[in-house]
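One structure is given here, and the rest of the page talks about it.
Every chain is numbered from 1, with letters handed out A, B, ... down the list of sequences.
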Amino acid sequence: MDINAVRNEFPILHQEVNGHPLVYLDSSATSQKPIKVIEKLDEYYRGYNSNVHRGVHTLGTRATDEYEGAREKVRRFINASSTQEVIFTRGTTTAINTVASSYGRANLKEGDEIVITPMEHHSNIIPWQQVAKETGAVLKYMPLQANGTINLEDARETITKNTKIVATMHVSNVLGTINPIKELASIAHENDAVMLVDGAQSAPHMKIDVQDLDADFYAFSGHKMCGPTGIGVLYGKKALLKDMEPAEFGGEMIDFVNWYDSTWKDLPWKFEAGTPIIAGAVGLGAAIDFLNEVGLDEIKKHEQKLAAYAQDRMQQVEGMTIYGPKERAGLVTFNLSDVHPHDLATVLDAEGIAVRAGHHCAQPLMRWLEVSATARASFYLYNTEEEIDKLVEGLQTTKEYFGDVF
Amino acid sequence: MSFNNLDTLYRQVIMDHYKNPRNRGAIEGDHMTVDMNNPTCGDRIQLQLQVEDNLVKDAKFDGEGCSISMSSASMMTQAIKGKPVEKALKMSELFSELMQGNDVDTDELDLGDIEALQGVSKFPARIKCATLAWKAMEKGVDEEKQD
């Protein structure tokens, strides 16, 4: 992978922030966009903006082809067996909410169990809390090991014959833990439960094969994988999706509408009520082309190198606490002595370095870690070891700056 | 941006309030409690107020957060203690103006140490940290009025 060539694809990276070259280490929150994605959006709006699936005119046909073409790109990207299994959503959150409110409401009853983990993002906790309240199902957490990983023995004990849904993230946005999805799915299936995977932090960074993982549902967001905001994907096995009721109703998703009753379109469209996110989907298609050109295996290798380098360098800073296992995805969550993460992030920002500070939409995990907040540096294909050096320098500066206070 | 700019944010008096918070703890006797947090960043404050005859008799806080939110809470309790409720609210209004970077007549009200937080206005991402304690106070006084 030619890192300079990759960086040249991202116009936003070539700017100064507060008098320093931008060091963007917040890709887990959202990734930057390559020029090909930006141009694709521009081309769509300038050239063939039109509604899909309805007009007989030329622009409408082109928009529909591009929109459905993007769906096929997503299908290949995650190796789904059919485009009927690929539903465009607003993002991971909407995708998980769709499963919770449609599949969850229809299949959960009092005494049934939903099993999640303490490391989940709020988007994979709250939809289950809500559906548990509505149906009388029980929300259960499988325990974590001290280093923030899942032990399969613990999973086997938590997932029981009463479990109907197991929902976990593939990669933790805080700990960087890469969860054993295939094994968890197999344990879920042994107990006749379905497996939902929050792939927001995995799909951008590694090859995903939903059939090999045997995930029943897989959700991810476009904006974290070089695509636009406002577009995401819900993959679901056709056998499950076909029996599920839509979560939203209106235009685009209907077959026949009678006075008091209506019927739905086939998959995947019955889950896409209203004018869909056409530009977003087209942009996501361009993002997938871009990622494929660079190569997901190359990207993963690059990020793992950065994660290892960052851990080594950051550990040398006195007062450093790093959370999560050593083997991890491309992010490092940490605290520096008693410096509050917000103060730390402000000092780094003054040096042009963008990191995330706060609870990372994982308040239960913060409680598990016994901290109120943490700072996080997250990497993507365009980050470099030199940028990590600058981060480490910035952390030293932070210590010096607050040195007489703490 | 150099350290000079950071110094406009992290003034000595702010760090002093952070390190040695005034009025941190709980009020014994009659009081009301307000819990408030900043859901975007996780900062959290519990403010206790003792209001009698329209006067803030006592104010104490506890919580978790960055130097700006905690020092602001410390300064706020110091500033409103012994003041009429109306004056405390007026100070809060003035403080919001100050945070927006607007010119305010600071002579009008005795802000004391609070003026040190003026630099926060140049760091838009941190304004909510500084106003958290004041919002909690407003909420508390509002609830008191409704009782």
Side-chain angles (χ1 to χ4, degrees), chain A residues 16-23 26 29 122-123 126 174 333 335-376 393-394 396-406, chain B residues 1-22 24 35-46 61-75 99 113 116-133:
Chain A
E16 292 207 335
V17 169
N18 295 323
H20 298 271
L22 168 64
V23 175
D26 197 18
H122 294 162
S123 63
I126 306 162
V174 174
T333 297
N335 263 314
L336 183 61
S337 306
D338 290 330
V339 182
H340 193 279
H342 299 159
D343 294 320
L344 182 144
T346 295
V347 179
L348 291 180
D349 184 54
E351 305 276 310
I353 304 165
V355 298
R356 173 92 190 261
H359 55 57
H360 315 287
C361 299
Q363 288 182 17
L365 180 59
M366 293 296 114
R367 263 194 293 285
W368 185 83
L369 290 170
E370 296 178 342
V371 294
S372 62
T374 58
R376 178 187 69 194
E393 275 168 42
Q396 298 284 9
T397 305
T398 309
K399 271 194 77 75
E400 282 163 33
Y401 190 76
F402 289 113
D404 55 340
V405 182
F406 300 105
Chain B
M1 191 178 285
S2 66
F3 271 6
N4 290 341
N5 291 66
L6 276 181
D7 287 342
T8 64
L9 178 65
Y10 295 113
R11 300 264 302 273
Q12 205 63 47
V13 57
I14 294 176
M15 298 323 281
D16 178 52
H17 273 271
Y18 184 43
K19 217 178 155 189
N20 310 298
R22 328 300 197 250
R24 189 161 186 140
D35 286 295
M36 200 171 256
N37 62 6
N38 180 349
T40 57
C41 67
D43 280 5
R44 167 187 86 67
I45 184 177
Q46 183 172 79
F61 81 101
D62 204 350
E64 278 172 348
C66 62
S67 59
I68 303 301
S69 68
M70 291 297 108
S71 64
S72 182
S74 166
M75 291 175 187
M99 289 301 101
D113 289 351
L117 284 167
Q118 209 157 0
V120 176
S121 66
K122 294 194 182 67
F123 294 80
R126 306 300 299 276
I127 293 172
K128 277 190 177 156
C129 309
T131 53
L132 181 67

Is there a donor-acceptor pair under 3.5 Å between the side chain of B:Tyr10 and the backbone N or O of A:Tyr401?
-> no
For B:Glu64, does its backbone N or O pair with a side-chain atom of A:His340 as donor and acceptor, under 3.5 Å?
-> no
Quick one: CG on B:Leu9 to CG on A:Asp343, what's the gap to the nearest 0.5 Å?
->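 Answer for the CG-CG pair, B:Leu9 versus A:Asp343, is 7.5 Å.
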Would you give the length of the straight line joining atom CG of A:Asp338 to atom OG of B:Ser67, rounded to the nearest 0.5 angstrom?
->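 Answer rounded to 0.5 Å: 12.5 Å.
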Contact part of B:Arg44 toward chain A, heavy-atom cut-off under 4.5 Å: side chain, backbone, both or neither?
-> neither
B:Asn38, B:Ile68, B:Asp43 screened by side-chain contact (heavy atoms from CB on, under 4.5 Å) with A:His342, the one that passes | B:Asp43
